[in-house]
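Below: the structure, in structure tokens.
Atoms within a ligand are numbered from 1 in the order they appear, just like the ligands themselves.
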Amino acid sequence: GEIMSSFNDFNLSTEMVAALAAKGFTSPSPIQALVIPEFLREHANIIGQAQTGTGKTAAFSIPILETITRDGPIKALVLTPTRELALQVSDEMYSLIGNKNLRVAAVYGGASIEQQVKSIKKGCDIIVGTPGRVMDLIDRKVINLSDLEFFVLDEADEMLSFGFQDALESIWASLDENAGGKTKIEDKQFNTWLFSATMSE
Ligand code: AMP
């Protein structure tokens with residue numbers, strides 16, 4: 001379809017419009033214009049090719065924040081290859097939440113797991129984290145995937161080259177279990193979004 005050139009074209013909530021204005025975002029970046037309308041559809045599985053600095057974080061964060069509600073277990077899981085990116089993504093999400101009161105937890109290795117467990121147990125709607133720590137928290141039954149609506153792999157290409165494949169496969173197996181053992185991506189109960197700077201098979 002036609003590429004949108006204004007955030008007004010997306011039918012966003014007044015909270016989101018206010019948060020975008022407060023951040024000084026006047027118009028969507030090209031990747032945002034392309035994918036936000038797709039992301040706002042139900043059950044859209046998407047692979048987006050975008051470099052860092054193109055606005056991809058907001059491209060997937062805006063639809064997640066617009067869609068989920070604050071009740072029950074986590075609704076969105078975003079995996080990143082590094083702790084720095086996990087913190088960057090969670091900061092950007094917080095700046096877009098406005099008055100919606102959604103809670104984001106950033107989890108990664110090399111930091112106290114107890115603190116992260118505590119913050120998730122207090123109530124958490126979105127997890128942003130590195131694969132190893134996320135896998136650990138799933139194994140400890142701290143992260144409950146039964147209500148998941150969005151699964152995002154940020155910098156998917158790097159994740160594989162960083163040697164996270166085993167952790168990713170383990171997380172994917174847990175997602176599968178929670179989706180009733182369905183193995184085909186089209187049958188899953190949640191949306192899968194992959195972002196990558198480069199794309200291989
Ligand atoms: P990212 O590619 O997600 O790392 O974003 C790069 C930078 O662009 C970040 O500082 C974002 O806050 C900023 N940004 C994202 N979307 C927009 C937009 N529509 N208008 C202006 N800045 C943006």
Side-chain angles (χ1 to χ4, degrees), residues 1-41 44-68 74-109 111 124-131 133-134 149-162 164 168 190-200:
E2 196 183 325
I3 295 183
M4 308 287 178
S5 57
S6 162
F7 282 118
N8 295 330
D9 298 328
F10 299 139
N11 254 324
L12 301 173
S13 65
T14 51
E15 284 98 338
M16 182 59 73
V17 170
L20 289 168
K23 280 181 73 69
F25 290 11
T26 50
S27 55
S29 72
I31 183 83
Q32 291 164 5
L34 264 171
V35 301
I36 290 175
E38 296 300 321
F39 282 170
L40 286 169
R41 283 175 29 221
N45 297 313
I46 289 171
I47 298 178
Q49 189 166 355
Q51 314 285 336
T52 301
T54 53
K56 72 179 156 68
T57 314
F60 65 74
S61 298
I62 291 169
I64 289 174
L65 297 171
E66 285 290 83
T67 307
I68 68 172
I74 68 157
K75 300 295 191 310
L77 173 60
V78 180
L79 297 181
T80 68
T82 65
R83 159 208 319 226
E84 288 71 26
L85 187 58
L87 287 168
Q88 234 172 282
V89 169
S90 66
D91 284 352
E92 180 98 335
M93 280 187 160
Y94 263 119
S95 74
L96 291 168
I97 283 175
N99 297 326
K100 224 185 153 187
N101 277 329
L102 295 168
R103 299 148 302 177
V104 185
V107 303
Y108 39 79
C124 175
D125 309 295
I126 301 166
I127 303 268
V128 184
T130 51
R133 183 54 60 95
V134 167
E149 292 175 38
F150 300 96
F151 177 57
V152 181
L153 224 57
D154 199 1
E155 305 202 348
D157 50 353
E158 280 197 50
M159 300 260 225
L160 299 178
S161 65
F162 271 48
F164 289 135
L168 289 177
F190 54 88
N191 306 287
T192 305
W193 299 342
L194 274 67
F195 275 94
S196 193
T198 60
M199 206 57 68
S200 71

Within-shell test, Gly24 vs ligand 1, heavy atom, strictly < 4.0 Å: no
Distance in Å, [X] [atom1] paired with [Y] [atom2], rounded so as to fall on 0.5 Å steps:
X	Y	atom1	atom2	result
Thr52	Phe195	OG1	CZ	11.5 Å
Met16	Ile97	CE	CD1	8.5 Å
Leu153	Leu77	CG	CG	9.0 Å
Ile46	Arg41	CD1	CZ	6.5 Å
Leu96	Lys23	CG	NZ	5.5 Å

pair Ile62-Phe7: side-chain heavy atoms closer than 4.5 Å: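 The answer is yes, as the side chains (C-beta and beyond) meet within the 4.5 Å cut-off.
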What residue and atom, counting heavy atoms only, is the protein's closest point to [atom], and at what distance?
atom	value
atom 13 (C) of ligand 1	Phe25 CZ, 3.8 Å
atom 10 (O) of ligand 1	Glu92 OE1, 4.7 Å
atom 3 (O) of ligand 1	Thr57 OG1, 2.6 Å
atom 6 (C) of ligand 1	Gly53 CA, 3.6 Å

Flag: protein heavy atom within less than 4.0 Å of atom 8 (O) of ligand 1: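 Looking at atom 8 (O) of ligand 1, one finds that no protein heavy atom lies closer than 4.0 Å.
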Protein non-hydrogen atom below 4.0 angstrom of atom 17 (C) of ligand 1 present: yes
Nearest candidate to atom 19 (N) of ligand 1, where distance is taken over non-hydrogen atoms, out of Pro30, Ser27, Ala33: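 Answer by nearest heavy atom: Ser27.
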Closest to atom 1 (P) of ligand 1 (judged by heavy-atom distance), picking from Gly55, Ala59, Ser29, Ser95: Gly55
Test side chain to side chain donor-acceptor pair (under 3.5 Å) applied to Thr82 and Glu155, step by step: CA-CA 10 Å; Thr82 65; Glu155 305 202 348; over 6 Å; no
Contact (N/O only, under 3.5 Å) between Thr52 and ligand 1: no
Polar atom proximity, Gln88 to ligand 1 (N or O, under 3.5 Å): no
Contacting atoms of ligand 1, where contact means under 4.0 angstrom from a heavy atom of Thr54: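 Those of ligand 1 that fall under 4.0 Å from Thr54 are 2 (O).
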Distance-only polar pair, side chains of Glu66 and Ser13, donor-acceptor under 3.5 Å: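 Indeed, the side chains of Glu66 and Ser13 share at least one donor-acceptor pair under 3.5 Å.
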Ligand 1 versus Phe7: contacting region, heavy-atom distance under 4.0 Å: side chain
Main-chain N/O of Leu102 paired with Asp125 side-chain donor or acceptor, under 3.5 Å: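 No; zero donor-acceptor contacts below 3.5 Å.
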